[in-house]
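We use all heavy atoms of the structure for the numbers below, so side chains are in, but hydrogens, waters and symmetry mates are not.
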Amino acid sequence: MNRVYEATDVGCVRPINEDRAAVFEPSVYVVADGMGGHAAGEVASHILVEVVRQELAGCAAIGEQELSSAIHRANHAILQTVAERPDCKGMGTTATILHLDGDQALWAHVGDSRLYLLRGGVLHQVTRDHSYVEDLVAQGELTEEEARIHPQKNVLTRAVGVEADIIVDTGRFTVQPGDILLLATDGLMNMVQEPEICAILGRQEGDVARALIEAALASGGRDNVTAVVVVYAP
């Protein structure tokens, strides 16, 4: 049986936790990092998680299209809320969703939260950040290390609830016994470098998600931080 760990924390600086995480049947895992002033980011991430939950609960089978459609529905719901509530203007959220169906891992993604796969001691980033600096890295104008400290590294090129038309990345891959899957908001990656994330996941000691959070807090916890960890054991 799969082992699942989930943890979130407001961090050491922010007054409100605008991150959201959810784990629900059938084997669906979600992280969302809200953005927007006056706690509106908290509203956006909450809407995302609840719409995804409702949309997928009624599906006889969940494929990449269903995951993408759930994010599209959440996008519409957030925009509708913005239209009805002026105090929520400018809000949006990232969305990273994973669904396990037997040995198939299906995912959908918008923003700069991430899905990772740890296999054989090697950490693989499955999703691609939709951010300004990631585009610069892809174009060869920045190195990965330069991107980590770039002043505009938090500028997103895609988010849920910002525009009516949204492009959702999707994909699938086969999982193997012993694989570890991590969904996390950027509050983790900005505080803890990948080699340490890999080491914490690989130890599999106690609540692995909480251990990741504690590492982010120990490094300064400058943002909300959320992690969902799934250890695949069919």
_Pairwise distance CE(Met189) to OH(Tyr116) - rounded to 0.5 angstrom_ = 5.0 Å
*Would you indicate whether His72, at its atom NE2, is surrounded by more than 12 heavy atoms from other residues, nucleotides or ligands within a distance under 6.0 Å?*
yes
*Do Ile197 and Leu212 touch side chain to side chain, with heavy atoms closer than 4.5 Å?*
yes
*What is the distance from atom OG1 of Thr226 to atom CG of Asn17, rounded to the nearest 0.5 Å?*
5.5 Å
*Kindly say whether Pro26 contributes a backbone atom to a donor-acceptor pair with the side chain of His99 at under 3.5 angstrom?*
yes
*asked:* Side-chain heavy atoms under 4.5 Å apart, restricted to Ile/Leu/Val/Met/Phe/Trp/Tyr: what other residues fall into the cluster of Ile167, or is it alone?
replied: none
*Which distance, rounded to the nearest 0.5 Å, do you find between the CD of Glu6 and the CG of Asp207?*
9.5 Å
_Tell me if the CD atom of Gln104 is crowded by more than 12 foreign heavy atoms within 6.0 Å._
yes
*asked:* Can you confirm whether more than 12 heavy atoms, excluding those of Arg222, are under 6.0 Å from its CZ atom?
replied: no
*Lys/Arg-Asp/Glu bridge criterion (N-O < 4.0 Å) met for Arg73, Glu66*: no
*Say you draw a straight line from OG1 of Thr174 to CG of Asp179; how long is it, rounded to the nearest 0.5 Å?*
10.0 Å
*asked:* Please report the interatomic distance CD(Glu55) to OG(Ser68), rounded to the nearest 0.5 Å.
replied: 11.5 Å
_Using the side-chain contact (heavy atoms from CB on, under 4.5 Å) definition, which of the options Val229, Ile200, Leu123 pairs with Leu182?_
Val229
*Kindly give the cluster partners of Leu100, where membership spreads through any ILVMFWY side chain lying under 4.5 Å from a current member.*
Val4, Val23, Tyr29, Val31, Leu98, Trp107, Leu115, Leu117, Val126, Phe173, Val175, Leu181, Leu183, Val228, Val230, Tyr232
*Linking Ile, Leu, Val, Met, Phe, Trp and Tyr through side-chain heavy atoms less than 4.5 Å apart, which residues share a cluster with Met1?*
none
*Of the options Thr94, Thr185, Thr93, Thr8, which is the one that meets Asp19 in a side chain to side chain donor-acceptor pair (under 3.5 Å)?*
Thr185
*Could you tell me the separation between the CD atom of Glu84 and the SG atom of Cys88, rounded to the nearest 0.5 Å?*
10.0 Å
*Do Ser113 and Thr96 pass the side chain to side chain donor-acceptor pair (under 3.5 Å) test, and can you show the C-alpha distance, the side-chain angles, and the key distance before you say yes or no?*
CA-CA 6 Å; Ser113 297; Thr96 303; 4.6 Å; no
